[in-house]
Enquirer: 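Before anything else, here's the structure in question.
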Amino acid sequence: MELIWEGVTEALHLIFSGDAYVYEVTLTSLTVSGSATAIALVIGLGIASLLAFRPPPGRTLALSAFNAGMALPPVAVGLIVAVLLWRTGPLGQLHLLYTPAAIVVAQAVIATPVVTALSTAALQSLPSRLRLQIMALGASRLQATWLLFREARLSLLAAAMAGFGAAISEVGATIMVGGNIKGSTRTLTSAIVLEGQQGDFETAMAFSIILLALIFVVILTFTIVQQRRPQS
Amino acid sequence: MSQPILAIRDVVVERAGRAILEIETLEILSGEVLAIVGPNGAGKSTLLLVLALLECPARGDVLFGGEPARRGDLKLRRRLAMVFQEPLLLDATVEANVRSGLALRGVHRAEQKRRAALWLERFAISHLAGRSARTLSGGEAQRTSLSRALVLEPDVLLLDEPFAALDQPTRATLIDDLDAILGQTGAATVLVTHDREEALRLGDRLGVLMGGRLRQIGDPSEIFAAPVDEDVAAFVGVETILSGRIRSQEGGLAAVSVGEHTVEAASDEPVGADVLVCLRPEDIVLAPRDEDDRPTSARNRLPGVVRRVLPSGPHARVELDAGFTVIALVTKQSLEELSLAPGSAVVASFKATAVHLIPHRRAAT
């Protein structure tokens, strides 16, 4: 208990003393995980629309793959992304390894199946003829898709929250492709690992508390948007 | 009535390689209400989706104003509106739902609100404008759905069994209101339903769709009086359908052998023709056999025995054994006054003009 209490105290001290290191690590976490979630949403919602409204042959197989993807081992993802981005790898010329962009790629790979699988289920749960009704009101395909997303927003925002949660809480792949470089690729999760390994449990606990608070604030924002009733 | 605003030619819709809708020609005239009736699975909803340019036929054309229309043509789709059996309202207020189609067309918000208010009033749901659509009763939701379609002032309104999910009193009131509103708007309307009463109440013309084919189309009274085949006859309420052969023909009065009896029918069918004899239950008059000695204009009198009496709303269906089965519809008062019960000996009489004959070659199609 003492360790937790000291961690809370240290966390408050770090936050309110304006510690540049803490703010930098927090900002990096928010930036890379936010970007990864945005990418996962774009790809995931696109695939979910296709699977839900214009089912291609083999939809069940594809859905099974995305459902299984929700349990992707982050370390395995990190290894594969690292191999792809390695200097001699197929994407080595992009020089992304050990950059924040590499972490974005790895976290997007982890979050995309989560967003896709949950979004597909959300869109499939809409009334089967709602899309036809919206089209019959004179909607273009884009307008119809937007209205259907709005109708499924409760579940779609839950999918977005799950995707963000998977991204920001990830550590194995982050360290493998980011290298945990201070001032560049160090995130809250990789900082917790580092401080813990170095025996500075107070700082590790402080970072953990900051991470939990950050997750809570972001999810709270999503939830407020989710629960708001549309007026038009 | 005027020119066809919407038409289909040689349309075939397939599912899994099987044709589920095959229609050579169907025209919807400006200002008319065309009611398409048919049993469940007849292809009625598919027909509406084709007309709404939301279903692509495997073959054939949809013509809008005489010109072929492409499936999904947004400009043409916006001249149509469709209401489904389920109201399928958006998760928003009633007013926002009614405005939704206008918003999709980019109509200015003030104009959206003005037109929505007008239609909310016409469907007597102005008091619900600010309510969430998720809290409406079935009748209120369907009124909202109809307002949402009609506010678009469509050239053609497509109605897919819009009253099917409503209870009887709600349905009756809504049908009355819609009938009056359609009379005012003058929008060409296609109503598909499995309910004959609805079709008769609202339709200027009637089409019977069965097994994916349009079996008959025309004036409702013509179809109900002279169905072209046995299936249509059964669907439009002919409950007694008997096989017979024309035995004699004299001045438009045919004598038809039906089992051991002879039925006289007002018909020009030739001697020797095999026919189906169709009788509507409401055209048959029952009298106790011992009191059936008064002369009447009814040419046909068949002695029989009551086999069953089945309640049918405010009336009763009486099933007779007259050597073949004959169904008569009587009021409950008549049932009591005549003491009709299983085993009662009665005479079923009907006029020759109440008999509709279907040549057997068509009955077999």
Side-chain angles (χ1 to χ4, degrees), chain A residues 45-46 48-50 52-61 118-161 222-232, chain B residues 45-46 48-49 51-55 71-107 109 112-113 116 129-135 145 148-154 156-160:
Chain A
L45 288 176
S49 304
L50 188 75
F53 304 134
R54 299 175 159 272
R59 171 169 71 172
T60 304
L61 195 65
L118 297 179
S119 300
T120 305
L123 295 175
Q124 283 183 312
S125 70
L126 291 172
S128 57
R129 286 155 78 95
L130 183 59
R131 183 169 179 274
L132 285 174
Q133 173 66 86
I134 290 172
M135 297 290 281
L137 284 172
S140 65
R141 287 208 177 130
L142 200 62
Q143 287 174 322
T145 304
W146 169 248
L147 279 177
L148 289 165
F149 282 178
R150 210 176 65 163
E151 287 299 295
R153 67 191 173 282
L154 287 175
S155 305
L156 292 182
L157 279 163
M161 286 186 256
F222 271 119
T223 309
I224 289 169
V225 174
Q226 183 194 43
Q227 296 300 317
R228 205 168 48 194
R229 308 298 299 173
Q231 289 304 305
S232 59
Chain B
S45 295
T46 306
L48 274 200
L49 291 176
L51 291 171
L53 307 177
L54 294 172
E55 171 89 43
R71 174 185 175 253
D73 186 321
L74 186 60
K75 206 172 160 189
L76 288 184
R77 275 204 289 115
R78 288 184 170 175
R79 294 173 65 184
L80 307 162
M82 186 165 172
V83 173
F84 289 81
Q85 180 177 333
E86 318 88 350
L88 295 168
L89 299 177
L90 302 174
D91 185 14
T93 64
V94 168
E95 195 242 11
N97 265 283
V98 175
R99 285 194 290 109
S100 57
L102 297 171
L104 291 169
R105 286 160 175 75
V107 173
R109 197 176 172 88
Q112 289 177 30
K113 284 185 164 289
R131 276 258 297 272
S132 165
R134 295 281 158 94
T135 64
S145 183
R148 179 174 65 176
L150 280 159
V151 76
L152 302 172
E153 297 172 3
V156 183
L157 177 65
L158 305 167
L159 303 174
D160 187 1

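All chains are named by letter (A, B, ...) in the order of the sequence lines, taking the proteins before the strands, and each is independently numbered beginning at 1. The basis for the numbers below is simple: all heavy atoms, side chains too, and nothing from hydrogens, waters or symmetry mates.
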Enquirer: For D91(B), is there an ion pair with R153(A) - N to carboxylate O distance below 4.0 angstrom?
Expert: yes
Enquirer: Side chain, backbone, both or neither: which part of L53(B) has an atom under 4.5 Å from a heavy atom of chain A?
Expert: neither
Enquirer: Side chain, backbone, both or neither: which part of L147(A) has a non-hydrogen atom closer than 4.5 Å to chain B?
Expert: side chain
Enquirer: Specify which of L102(B), L54(B), L90(B), L158(B) makes the most heavy-atom pairs with chain A at under 4.5 Å.
Expert: L90(B)
Enquirer: If you take all heavy atoms of A116(B) and R99(B), which pair is closest and at what distance?
Expert: CB-CG, 3.6 Å
Enquirer: Atom CG in L156(A), atom CZ in F149(A): separation rounded to 0.5 Å?
Expert: 6.5 Å
Enquirer: Quick check on N97(B) against chain A: is it the side chain, the backbone, both or neither that has a heavy atom closer than 4.5 Å?
Expert: neither
Enquirer: Which heavy atom of M135(A) sits nearest to which heavy atom of A144(A), and what is that distance?
Expert: SD-CB, 3.6 Å
Enquirer: Quick one: which residue pairs count as a side-chain hydrogen bond (donor to acceptor under 3.5 Å, both in side chains) with a foot in residues 118-128 of chain A, not counting sequence neighbours?
Expert: none
Enquirer: Chain A heavy atoms under 4.5 Å from L74(B): which part of the residue, side chain, backbone, both or neither?
Expert: side chain
Enquirer: Which region of R79(B), side chain (C-beta onward) or backbone (N, CA, C, O), has a non-hydrogen atom less than 4.5 Å from a non-hydrogen atom of chain A, or is it both or neither?
Expert: neither
Enquirer: Check each atom of Q133(A) against the heavy atoms of chain B and say whether the ones under 4.5 Å are side chain, backbone, both or neither.
Expert: both
Enquirer: Charged N to carboxylate O below 4.0 Å: is that the case for E95(B) and K113(B)?
Expert: yes
